[in-house]
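Heads up: the structure comes next, in structure tokens.
So that the names make sense, note that chain A is the first sequence line, chain B the second, and so on, each numbered from 1.
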There are 2 protein chains.
Amino acid sequence: MTIKDIARLAGVSVSTVSRVLNDHPDVSKAAKEKVLAIVNEYNYIPNTSARELGKSSSDNIGVVVRGMSNPFYTKIITEVGARIENAGYTMVLQQIGTSDDEILTAARMERDKKLLGIIFLGGKLNYTKEQVSTINVPFVCCTFNNQYGNLDKADYSSVCIDDNQAAYDAVEYLYKEGHRRIAVLLSGPDDGSVSQVRFAGYERALNDFGLDLDENLIISINSFNIADAYEGMNEWLRNGYDFDSVFAISDNMAMGAMKALREKGKDIPKDVALIAIDGIEASEYMNPVLSTLCQPMDDMGSEAVKQVVGLIKGKINHKHIVLPTTLRAGETLR
Amino acid sequence: MTIKDIARLAGVSVSTVSRVLNDHPDVSKAAKEKVLAIVNEYNYIPNTSARELGKSSSDNIGVVVRGMSNPFYTKIITEVGARIENAGYTMVLQQIGTSDDEILTAARMERDKKLLGIIFLGGKLNYTKEQVSTINVPFVCCTFNNQYGNLDKADYSSVCIDDNQAAYDAVEYLYKEGHRRIAVLLSGPDDGSVSQVRFAGYERALNDFGLDLDENLIISINSFNIADAYEGMNEWLRNGYDFDSVFAISDNMAMGAMKALREKGKDIPKDVALIAIDGIEASEYMNPVLSTLCQPMDDMGSEAVKQVVGLIKGKINHKHIVLPTTLRAGETLR
DNA sequence: CTGAAAGCGCTAACAA
DNA sequence: TTGTTAGCGCTTTCAG
């Protein structure tokens, strides 16, 4: 069943069918009704590939998201979707696995879907000029930036929190409560991810507060996984190092750590205080409720859209927006 | 940059370029290298739409998943993806929102991607013959079946647990511990979803155990949301009804309920015992660890793939597989 | 308001 | 081993 069949069945030309299918004006009511009737009768479904191939332009904005199941992005996506719709564009969502290349994905989408702009939700901090040269439409990085890459600030946009400062703040909360043996739970101290940035904030804070960086207090797992955080924490606890608190670089990892601590008989926050960064919904349901620095997800989403749309319309230049975090008091600090 | 440009630049014909791009045999080493060089130099990316349009067949198996962020499906998808790959096919994943129509999505995909078969991960229990008539390739429902629809059993496959029995079992665990005032937390008693099936199991169990169905003990929220479960439980608790335990139809909802109970000063499981169905990872990290009947996610995934592949190869007929659940003891039962 | 026809970028016979 | 060419199913001028 193709557009040709419908045309024949409806007794009109394919262009007329195409017009009614695309809500074009200049189609007589009679023709429209006739076509629609046939379309319904035969359950005709236009071929998307052919459609995209034939089209000369689109109103598509691409959103490529790292991590299919990352709850952190869910809220942002909702917001982004609504705002894009609202601005009169269409969101084309593409989720990719951890091993996929977001730049390549974006480049493909740009050509396939004729994108006008792109929003990256999560991604690497070290894109190079050469890599992004395959992308020819404006793009904005949401929740991260290019601090380990060599992009020109005038060539891309970003909206994120100050991860270094957030980590600093987290440590400061612990410090002000009197904690001096502050462990850090991270993915890798220099894995080029946001983990590294937040670790730098941790280091900076220790330094400012006159605390020595103790290698034994660095709990490094090689993922952002809740199960790995649990295992990693378990293993680390066996060393019996002296500590009074933990700064986890993400809510998810903190949740894994909580279980390990609890099983070890450590009371949170009496024996061990805990703070993290992110503010995902799940950590609100933990017992005790996780104390964490929340990223302003809605604002990040709407700002990101505001950016691409502005860029698409050529009304603004690339900007780098830093949004503030807010503390969710929770119950893991005392 | 199209295949034509590459052909010209490499001094060969488009078909030769197409051949090397698709790893066809019968291409001289020289030609292959030449083409690849140009492709790399210009960062050429083939247009997917054109590719799909031109192709006469594919090795694609479609997977349509309800709920972008449902952690329950994540593990299954991983398993399904691996198995499909393993069987020599390609997985085409499509996630849809709660308001989208999975049948329509599947029908579209079938045509666009030239699918050989489809796996539905989550979906409605009441498809009608007419609805699925738009689908012309074999499909299998994973984690659900058609018990509220009118499909012929010989026309589709399914792999799922016995939801009614699982609910029955859950209630039985509570009953055997001496609980008699068993509340049920569900989405809707007759919303046509799995909630309804599990509620039926709850009713059957009460009946078998000689307990009366008490309307006051039915906590109905209109979603599967953790936040809504929390709110709903909170609200219900204000009534002050007498109860000694809760059967939540899903882990996620149970997690919301736990917070509400805790805030009300109820100790779990001392004051209130709790059991659910699903066995998602997150509920393992709750404090106390949620007691729940786990769905065998890996098995469901691999069985689903075994089914489609068998159907595609024409080696088997439609089957309806029921897999057993296993109890995760947890800490919310005593 | 409608139709004919030329693409869109690629694949796949079919010849050579 | 290679090139020519006819589609794939749709959109979009351009005439009428």
Side-chain angles (χ1 to χ4, degrees), chain A residues 1-36 38-39 42-60 90 107-116 134 136, chain B residues 1-36 38-39 42-60 90 107-116 134 136:
Chain A
M1 186 100 307
T2 75
I3 197 174
K4 252 184 175 165
D5 300 316
I6 301 295
R8 186 168 34 74
L9 259 19
V12 298
S13 71
V14 293
S15 32
T16 296
V17 176
S18 177
R19 284 189 188 100
V20 347
L21 255 27
N22 291 288
D23 267 333
H24 280 209
D26 293 341
V27 181
S28 70
K29 211 167 181 177
K32 188 165 184 173
E33 277 167 2
K34 189 77 214 258
V35 169
L36 254 20
I38 301 289
V39 164
Y42 290 87
N43 270 127
Y44 166 65
I45 299 175
N47 182 305
T48 313
S49 301
R51 224 170 190 177
E52 269 159 0
L53 190 53
K55 216 169 302 201
S56 55
S57 70
S58 86
D59 55 356
N60 294 336
T90 301
R108 266 199 244 280
M109 284 176 76
E110 184 194 318
R111 285 155 188 69
D112 295 347
K113 309 284 187 186
K114 303 192 172 38
L115 301 184
L116 301 175
T134 53
N136 307 300
Chain B
M1 186 100 307
T2 74
I3 199 173
K4 254 186 176 165
D5 300 314
I6 300 296
R8 186 168 34 75
L9 259 18
V12 298
S13 73
V14 292
S15 35
T16 297
V17 177
S18 176
R19 285 188 188 102
V20 347
L21 255 28
N22 291 288
D23 268 333
H24 280 207
D26 294 340
V27 182
S28 70
K29 212 169 181 179
K32 187 166 184 174
E33 278 167 1
K34 190 76 215 260
V35 170
L36 253 20
I38 301 288
V39 164
Y42 290 88
N43 269 127
Y44 166 66
I45 300 175
N47 182 304
T48 312
S49 300
R51 228 172 186 174
E52 270 160 358
L53 229 205
K55 216 169 304 202
S56 53
S57 71
S58 86
D59 56 357
N60 294 336
T90 301
R108 267 199 245 281
M109 284 177 77
E110 183 193 318
R111 286 156 187 68
D112 296 347
K113 309 285 186 186
K114 302 189 172 37
L115 302 184
L116 300 176
T134 53
N136 308 299

Contacts of [X] that satisfy side-chain hydrogen bond (donor to acceptor under 3.5 Å, both in side chains) - sequence neighbours left out:
{"X": "B:Asp112", "result": "A:Thr48"}
{"X": "B:Asn136", "result": "B:Glu110"}
{"X": "A:Ser15", "result": "A:Ser13"}

How long is the span from the CD1 atom in A:Ile38 to the CG atom in A:Leu9, to the nearest 0.5 Å?
5.0 Å
Point-to-point distance, once rounded to the nearest 0.5 Å, from CD1 of B:Ile45 to CZ of A:Arg108:
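Going from the CD1 atom of B:Ile45 to the CZ atom of A:Arg108 covers 6.5 Å.
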Tell me: [atom1] of [X] to [atom2] of [N], nearest whole Å?
{"X": "B:His24", "N": "D:dT2", "atom1": "NE2", "atom2": "P", "value": "14 Å"}
{"X": "B:Lys34", "N": "D:dT2", "atom1": "NZ", "atom2": "C1'", "value": "16 Å"}
{"X": "B:Glu33", "N": "D:dT1", "atom1": "CD", "atom2": "P", "value": "14 Å"}
{"X": "B:Asp23", "N": "C:dT11", "atom1": "CG", "atom2": "P", "value": "12 Å"}

By nearest heavy atom, map A:Ser28 and A:Val14 onto DNA chain C; which one lands nearer the 5' end?
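Here A:Ser28 is the residue nearer the 5' end.
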Excluding sequence neighbours, so at least two apart, what forms side-chain contact (heavy atoms from CB on, under 4.5 Å) with [X]?
{"X": "A:Asp59", "value": "A:Tyr89, A:Thr90"}
{"X": "B:Lys113", "value": "B:Glu52, B:Asn60, B:Val92, B:Leu115"}
{"X": "B:Ile3", "value": "B:Val14, B:Val17, B:Ser18, B:Tyr44"}
{"X": "B:Leu36", "value": "B:Val20, B:Lys32"}

By nearest heavy atom, map B:Asp26 and A:Leu21 onto DNA chain D; which one lands nearer the 5' end?
B:Asp26
Got a sec, which pairs hit salt bridge (Lys or Arg N to Asp or Glu O under 4.0 Å) with one end in residues 5-26 of chain B, sequence neighbours left out?
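Only B:Asp5-B:Arg8 qualify under salt bridge (Lys or Arg N to Asp or Glu O under 4.0 Å).
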Whether A:Ser49 side chain and B:Leu53 backbone form a donor-acceptor pair below 3.5 Å:
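Between the backbone of B:Leu53 and the side chain of A:Ser49 there is no qualifying donor-acceptor contact (under 3.5 Å).
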Would you list the protein and nucleotides 6-10 of chain D atom pairs, both N or O, that sit under 3.5 Å from each other?
| residue | atom | partner | partner atom | Å |
| --- | --- | --- | --- | --- |
| D:dC8 | O2 | B:Leu53 | O | 3.4 |
| D:dC8 | O2 | B:Gly54 | N | 3.3 |
| D:dG9 | N2 | A:Ala50 | O | 3.4 |
| D:dC10 | OP1 | A:Tyr44 | OH | 2.1 |
| D:dC10 | OP1 | A:Asn47 | N | 3.1 |
| D:dC10 | OP2 | A:Ile3 | N | 2.3 |
| D:dC10 | OP2 | A:Tyr44 | OH | 3.3 |

For B:Val12, answer base if it contacts any base atom (sugar-phosphate contacts may also be present), sugar-phosphate if it contacts only those atoms, and nothing otherwise; contact means non-hydrogen atoms under 4.0 Å.
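It contacts sugar-phosphate atoms only.
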Pull out every protein N or O sitting under 3.5 Å from an N or O of nucleotides 13-16 of chain C, one pair per line with the distance.
none

For the helix from C:dC1-D:dG16 to C:dA16-D:dT1, figure out the bend between the end axes, five pairs an end, and round to 10 degrees.
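The angle separating the two end axes equals 30°.
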